[in-house]
Amino acid sequence: MTRSVSQTEQYEKCGHQFFLRRVEGVIPRPAAWSHQGTAFHSACEVYERGGRQLSAGDVVDLFSTEYSEAVNGALEQEPDLDHWMTAGPDGASDIEARYVLGQQQAAGYVSWAKAHGPELWKAPDGTPGIELHLTADIAGIKVQGYIDQLVAEPDGSVRIRDLKTGTTKSKFQLQTYAVLVRKALGLKVAVGDWYQAKKNGLTRPLDLSGVTEEEVGAKYVEIDQGVKRADFPAKPGFNCRFCDVSYACSFRRR
C-alpha cells in the first residue's frame with residue numbers, strides 16, 4: 001500500500017474519517033472550494049508548461065472552463081445543494097463566488113509570475129518541475145506525492161513550492177516532499193514555501209535543511225501500523241463540522 005500526506009493527516013485528524021472515506025468508501029460531500037483549487041492548479045500548470053506565453057485572459061478562460069465542468073459534473077452526482085459543503089450562506093452562492101474568486105486568482109498568478117519570474121527546475125531530459133509525481137521508500141513505507149513546483153535556486157538546490165487557493169498550509173507536506181525529492185531525484189533541498197493565491201504572493205520560506213527521513217518516516221510508520229491493526233479511533237469535536245463524510249458518522253458532533 002502506498003501512503004501519502006493526505007492519508008496521514010486525515011488519519012491523525014480522525015481515524016474514523018479515514019475509515020469511512022478509504023475503507024468503507026463513503027462518498028464525500030462535494031465542495032466548490034475543492035473544484036476551485038483543482039481548476040486553479042490546472043490553469044497554472046498549463047501556463048507554466050507553455051513557458052508563460054499565455055495571456056492572463058487565456059489562463060482565466062482555462063480556469064473557468066475546468067471549474068465549470070467540474071462543478072457541473074458534481075451537480076449531476078449531487079444536485080441537492082443543501083448537501084454541499086460551503087463556506088458561504090448556501091451552496092449556490094458559494095459556487096458562484098468561487099467562480100469569480102478563482103478567475104481573479106488565476107489572473108493574479110500570471111501577473112505575479114511575470115513580475116517575479118521564478119526559474120523552474122528542469123530534469124536532464126527537459127521535463128519541468130511542475131506537478132511532479134514522486135514515489136520513494138521512506139522508513140520502509142512506500143510514499144508518494146504530487147509536487148506543484150520545484151524552483152531552481154542559485155546554489156544548485158531546489159525549492160519546493162506548493163500553490164494554495166485557501167489558507168491551510170502543511171509543514172508536514174513540504175517536509176515529506178523534501179525527502180521524496182532527495183531520494184527520488186537526488187537533489188539538494190534546503191527550503192520550501194507556499195504561493196498563496198489569496199494574497200498573490202509567497203509565504204516566508206520554511207527551513208527544510210534539517211528534515212530527516214527518520215523524522216518524516218515515523219508518521220508514516222504510525223499510520224501504516226494503525227491501518228493494518230484496523231485501529232481507526234474517532235475524534236469527535238470541532239472538526240466534525242468540516243468533515244465531508246460526517247453525514248455517515250455515528251460519532252459526529254452537531
Side-chain angles (χ1 to χ4, degrees), residues 1-18 21-22 28 31 33-42 44-45 85 87 98 105 109 118 129-136 138-139 141-151 157-185 187 189-224 226-227 233 235 237-245:
M1 173 64 72
T2 302
R3 301 300 178 193
S4 66
V5 172
S6 61
Q7 287 183 37
T8 303
E9 293 187 330
Q10 185 180 63
Y11 185 86
E12 287 183 333
K13 184 183 296 182
C14 178
H16 193 64
Q17 182 190 50
F18 182 102
R21 282 283 305 273
R22 302 178 187 273
W33 64 65
S34 176
H35 301 307
Q36 175 198 348
T38 300
F40 174 81
H41 277 75
S42 179
C44 291
E45 179 182 0
M85 299 188 69
R98 290 182 182 282
Q105 291 179 342
Y109 179 83
I130 305 169
E131 294 295 333
L132 291 176
H133 179 216
L134 301 181
T135 304
I138 298 181
I141 306 296
K142 188 177 181 181
V143 177
Q144 69 171 344
Y146 288 86
I147 302 175
D148 290 343
Q149 295 180 355
L150 284 185
V151 180
S157 66
V158 294
R159 176 184 296 240
I160 295 171
R161 178 159 295 156
D162 197 54
L163 309 183
K164 292 294 184 186
T165 52
T167 56
T168 301
K169 303 189 299 294
S170 167
K171 289 185 179 180
F172 180 64
Q173 181 182 31
L174 295 192
Q175 291 168 343
T176 293
Y177 291 174
V179 176
L180 284 175
V181 168
R182 290 168 187 156
K183 298 203 71 175
L185 299 177
L187 299 174
V189 180
V191 296
D193 60 26
W194 293 270
Y195 169 82
Q196 291 187 301
K198 282 191 172 183
K199 298 181 178 180
N200 195 27
L202 301 177
T203 63
R204 292 181 179 180
L206 176 68
D207 183 6
L208 299 172
S209 60
V211 175
T212 66
E213 177 180 352
E214 291 73 24
E215 174 188 358
V216 171
K219 288 193 175 185
Y220 287 105
V221 170
E222 181 179 0
I223 175 186
D224 191 67
V227 172
K235 297 180 181 179
F238 178 77
N239 286 326
C240 290
R241 68 184 66 185
F242 307 108
C243 177
D244 55 9
V245 290

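Side chains included, hydrogens not; waters and symmetry mates left out as well; all remaining heavy atoms used.
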Aromatic ring proximity, centroids under 6.0 angstrom, Tyr220 and Tyr11: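 Aromatic pair excluded; centres sit 6.0 Å or further apart.
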- Item | Side chains of Gln149 and Pro118 in contact at under 4.5 Å (non-hydrogen atoms) | no
Fill in: Non-hydrogen side-chain atoms of Val158 and Leu185 separated by less than 4.5 Å
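Side chain of Val158 against side chain of Leu185, heavy atoms only: no contact under 4.5 Å found.
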Calculate, to the nearest 0.5 Å, the distance between atoms [atom1] and [atom2] belonging to [X] and [Y] respectively.
X: Gln196; Y: Thr203; atom1: CD; atom2: OG1; value: 6.0 Å
X: Ile147; Y: Leu163; atom1: CD1; atom2: CG; value: 12.0 Å
X: Lys171; Y: Trp194; atom1: NZ; atom2: CH2; value: 7.0 Å
X: Asp162; Y: Leu206; atom1: CG; atom2: CG; value: 11.5 Å
X: Thr176; Y: Leu134; atom1: OG1; atom2: CG; value: 12.0 Å
X: Thr8; Y: Asp224; atom1: OG1; atom2: CG; value: 9.0 Å

Would you confirm whether [X], through its side chain, and [Y], through its main-chain N or O, come within 3.5 Å as a donor-acceptor pair?
X: Glu131; Y: Tyr146; result: no
X: His41; Y: Asp148; result: no
X: Thr38; Y: Ser34; result: yes
X: Arg182; Y: Val189; result: yes

What heavy-atom pair brings [X] and [Y] nearest, and what distance separates the two atoms?
X: Phe242; Y: Met85; result: O-CE, 3.1 Å
X: Ile138; Y: Gly217; result: CG2-CA, 3.6 Å
X: Arg159; Y: Gly192; result: CG-CA, 4.1 Å
X: Asp207; Y: Ala190; result: OD1-O, 3.4 Å
X: Glu215; Y: Gly210; result: OE1-O, 4.2 Å
X: Asp193; Y: Pro205; result: CB-CA, 4.2 Å

Anything under 30° is parallel, anything over 60° is perpendicular, the rest tilted; go ahead and classify Tyr109 against Tyr195. perpendicular
Per side chain to side chain contact (heavy atoms under 4.5 Å, CB included), Gln7 is matched among Val143, Ile223, Thr2 by Ile223
| message | Using side-chain contact (heavy atoms from CB on, under 4.5 Å), reason through Asn239 and Cys14 one step at a time and then give a plain yes or no. | response | CA-CA 9 Å; Asn239 286 326; Cys14 178; over 6 Å; no
message: Salt bridge check, Arg21 against Asp244: does any charged N sit closer than 4.0 Å to a carboxylate O?
response: yes
Item to check | Atom NZ of Lys235: over 12 foreign heavy atoms under 6.0 Å | outcome: yes
In Lys198, Gln36, Arg98, the residue satisfying side-chain hydrogen bond (donor to acceptor under 3.5 Å, both in side chains) with Gln105 is Gln36
